[in-house]
*Asks:* 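Can you keep this structure in mind? I'll have questions shortly.
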Amino acid sequence: MKKILFLLLFPFLCFSQTSLSDDDIFAAAGNDFEWLVTNVDTSNKGGFGYEGLLSRMGYSYDDNYKGEISNDKFWQRRYSKNIISGNEKPSAIYFKESYMRAKGYKYPIITKMEIWGDTQSIITFYVNFWTRAINFRDTKPGETVTTRFLSDVAALSVGTNGQSKIVVTTAKDYYK
């Protein structure tokens, strides 16, 4: 009887382990937008990911933007603010995905993502995409704030010229 019980429980003991922290599991379960940005294929960005958040923030993909494109290294694009009232100022958020081709994958794998634009829009994106309690009152222009989600590290650099930037890399690359 003990052997049968052991054989039934053994798979649960061996395969139910995770290397994720409780904070990562809680964040993933409690946020519609936050998910991995790096080490996923380039088809994994629509729906509830960052494009879903941009849509809720009032941004849409700008078809007219002629960003830099290198078919084997990166892709750059712009999302423009949809102006609803005459009081809003035009703004844009730029994305640059660096990627590599990997055997066995139809789409390239994202290795790094850079996101930049006016400071207010970038901070709004950052705090809504990565659900972490961040105290921006103590953050001065020119400083960098980081947060980690699973294997991604998102570094927000608050600019001194009204522009800010987020760089998302793998934890392995960030902590080199």
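This is a predicted model, so every value here is computed, not measured.
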*Asks:* For the backbone of Gln163 and the side chain of Asp118, can you confirm whether one donor and one acceptor N or O come within less than 3.5 Å of each other?
*Replies:* no
*Asks:* Check the hydrophobic clustering (I, L, V, M, F, W, Y; side-chain heavy atoms under 4.5 Å; chains of links allowed) and say if Ile115 and Met57 are grouped together.
*Replies:* yes
*Asks:* What distance separates Ile93 CD1 from Leu53 CG, expressed to the nearest 0.5 Å?
*Replies:* 8.0 Å
*Asks:* What I'd like to find out is whether the side chain of Thr38 reaches to under 4.5 Å of the side chain of Val168, using heavy atoms alone.
*Replies:* yes
*Asks:* Could you state the interatomic distance from NZ (Lys172) to OG1 (Thr169), rounded to the nearest 0.5 Å?
*Replies:* 11.0 Å
*Asks:* Supply the atom-to-atom distance Ser60 OG to Asp62 CG, rounded to the nearest 0.5 angstrom.
*Replies:* 7.5 Å
*Asks:* Do Leu156 and Thr144 come close enough that some side-chain heavy atom pair is under 4.5 Å?
*Replies:* no
*Asks:* Parallel, tilted or perpendicular: which one describes the rings of Phe125 and Phe129, with boundaries at 30° and 60°?
*Replies:* parallel
*Asks:* Taking side chain as C-beta onward, heavy atoms only, is Ser80 less than 4.5 Å from Tyr61?
*Replies:* no
*Asks:* For the residue pair Ser98 / Thr111, report whether a side-chain donor-acceptor contact shorter than 3.5 Å exists.
*Replies:* no
*Asks:* Decide yes or no for Thr147 and Tyr126: does some side-chain heavy atom of the first lie under 4.5 Å from some side-chain heavy atom of the second?
*Replies:* yes
*Asks:* Please examine the side chains of Val158 and Thr119, heavy atoms only from C-beta on, and report whether any two atoms are closer than 4.5 Å.
*Replies:* yes
*Asks:* Measuring from atom NZ of Lys89 to atom CD of Gln120, what distance do you get when rounded to the nearest 0.5 angstrom?
*Replies:* 9.0 Å
*Asks:* For Ser164 versus Gly159, what's the shortest heavy-atom pair and its separation?
*Replies:* OG-N, 3.1 Å
*Asks:* I need the Leu54 CG to Thr124 OG1 distance, nearest 0.5 Å.
*Replies:* 11.5 Å
*Asks:* What's the separation between atom CE in Met113 and atom NZ in Lys96, rounded to the nearest 0.5 Å?
*Replies:* 12.5 Å
*Asks:* Show your reasoning for whether ring pair (Phe, Tyr, Trp, His ring centres under 6.0 Å) applies to Tyr94 and Tyr79.
*Replies:* CA-CA 6 Å; Tyr94 297 84; Tyr79 292 84; 9.6 Å; no
*Asks:* With Glu97, which of Arg77, Lys112, Gln76 fulfils side-chain hydrogen bond (donor to acceptor under 3.5 Å, both in side chains)?
*Replies:* Arg77
*Asks:* Do the side chains of Ile110 and Phe74 get nearer than 4.5 Å, heavy atoms only?
*Replies:* no
*Asks:* Would you say Tyr99 and Ile109 make side-chain contact, with heavy atoms under 4.5 Å?
*Replies:* no
*Asks:* Is there a path of hydrophobic side-chain contacts, each under 4.5 Å between heavy atoms of I, L, V, M, F, W or Y residues, that connects Trp130 with Ile123?
*Replies:* yes
*Asks:* Between Tyr59 and Ser91, does the side chain to side chain contact (heavy atoms under 4.5 Å, CB included) criterion hold? Intermediate values first, please.
*Replies:* CA-CA 9 Å; Tyr59 287 84; Ser91 65; 2.8 Å; yes
